[in-house]
Amino acid sequence: AVYFVNAAYDRNLVPILRLQGDYHPVGFWVKPDAGPDGDYSEIAAAFARYVTGLPRRDTHPLYVTIWNEPDLWVEWSGAPNAWEYGRFFVAVSNAIRGLNDPRIRILNGATTPANTSFIRQLVAVPGFVNAFDAWASHCYPYNHPPWYNIHQRTARYGNTVIDCYIEERDVIAGYGGRADFKFVVTESGHGLGDNLYAFEGYPPINESSRASYIAAAFNGYWQAWPEVIAVTPFELGDPWSGWEWLDWMDYTLSLNPFHFSFTPHPQFNAVAALSKPRGASVPHGFE
């Protein structure tokens, strides 16, 4: 992690780390232990110690996401519980904020797209609504193009659009009373063959359509919406993850001699070709 964070800084990139826990061999993430007092103080202190060891520079913020999709059984010992995750998140947030370093920015573990029922339970946990600096969301549009969205009132299904975080914001504002925050979309993208909304007249996703859709999303939509800090699509590439239809890169491993090679998908090249801001640094007050 130290190498990754320094490598990001050196390239004028803002690092975003997802901090999780133990993965059980049976196939799920083990939920954190609440400890003898039931207040998550021990695991919260451990998370803060980990963050303490990460490099920081005055020119860039450091984003840390606490867990991932805690509303899924596979992410929470087989039994998702909003009250448990909410209390855990508040404890970890308090411990990290106790480091008194404004360069560190805390993100929630994003739920599955626009799981408003789970989020409504989260904001009922004391302290939760003020425990994040920005809100992390996962927004998968499937075979919806970017111009099918909530902002322009062109979306019938607001949980499967590039701005699904709007539905989450409205729940947090309505039930938690807070709306003064921005968003980091920590997962998004189109999978090859996505065809869930064919009944609306949208064709299945192929290499060409997802390249044009994702490039348009970055260039014409996400950048134009001031509440969006960043979008990190899922996933760059992993030949062993089982999510290959979402990959931006195809990787090939040769063992003799050991060598990695990769081939970019058209969506990678399309986004790489977009004009991007070039700055000497990003002040740590950024969002």
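FYI, side chains are in, hydrogens and waters are out, and symmetry mates aren't considered; it's all heavy atoms of this structure.
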Taken to the nearest 0.5 Å, the spacing of I66 CD1 from N68 CG works out to 11.5 Å
Going by distance alone, is a donor N or O of one side chain under 3.5 Å from an acceptor N or O of the other, for [X] and [Y]?
X	Y	result
H138	E168	no
Q267	H190	no
D250	H265	yes
D71	T111	no
W67	E75	no
S208	N206	no
N143	D194	no

Using a cut-off of 6.0 Å, state whether more than 12 heavy atoms not belonging to [X] lie near its atom [atom1].
X	atom1	answer
F268	CZ	no
Y175	OH	no
Y142	OH	no
F199	CZ	yes
R120	CZ	no

Across all chains, not counting sequence neighbours, the side-chain contact (heavy atoms from CB on, under 4.5 Å) partners of W243 are F234, E235, S241, W245, L246
I'd like to know whether the aromatic ring centres of [X] and [Y] sit less than 6.0 Å apart in this structure.
X	Y	answer
W135	Y165	no
W83	F88	no
Y148	Y197	no
H151	W225	yes

If we only count heavy atoms from C-beta on, is the [X] to [Y] side-chain gap below 4.5 Å?
X	Y	answer
R178	N130	yes
V5	H60	no
P233	W248	yes
P141	S188	yes
P113	C139	no
L107	D133	no

Verify, without hydrogens or angle tests, whether [X] (side chain) and [Y] (backbone) share a donor-acceptor contact under 3.5 angstrom.
X	Y	result
H24	S77	no
T52	A48	yes
D39	S41	yes
N149	D163	no
R18	I16	no

Is R156 paired with E200 through a side-chain N to carboxylate O contact shorter than 4.0 Å? no
Inspect the contact between K31 and D22 and indicate whether a charged nitrogen and a carboxylate oxygen are less than 4.0 angstrom apart. no
Which is it for L19 and L17 under the side-chain contact (heavy atoms from CB on, under 4.5 Å) test, yes or no, and what are the steps along the way? CA-CA 6 Å; L19 307 184; L17 276 72; 4.2 Å; yes
Inset, instruction - Show your reasoning for whether side chain to side chain donor-acceptor pair (under 3.5 Å) applies to W76 and E84. - result: CA-CA 10 Å; W76 202 258; E84 291 177 352; 2.8 Å; yes
Evaluation steps, side-chain contact (heavy atoms from CB on, under 4.5 Å), between D33 and E42: CA-CA 8 Å; D33 186 349; E42 293 182 355; over 6 Å; no
- Query: Checking side-chain contact (heavy atoms from CB on, under 4.5 Å) for the pair Y85/L122: CA distance, chi angles, key distance, verdict?
  - Reply: CA-CA 8 Å; Y85 173 73; L122 287 176; 3.7 Å; yes
Next item on the list: For salt bridge (Lys or Arg N to Asp or Glu O under 4.0 Å), just list the numbers for R210 and E207, CA-CA rounded to whole Å, side-chain angles, deciding distance to a tenth of an Å, and then say yes or no.
Entry: CA-CA 6 Å; R210 74 171 178 175; E207 290 280 19; 3.5 Å; yes
Next on the checklist: Between E167 and R169, does the side-chain contact (heavy atoms from CB on, under 4.5 Å) criterion hold? Intermediate values first, please.
Outcome noted: CA-CA 5 Å; E167 291 194 347; R169 179 203 65 189; over 6 Å; no
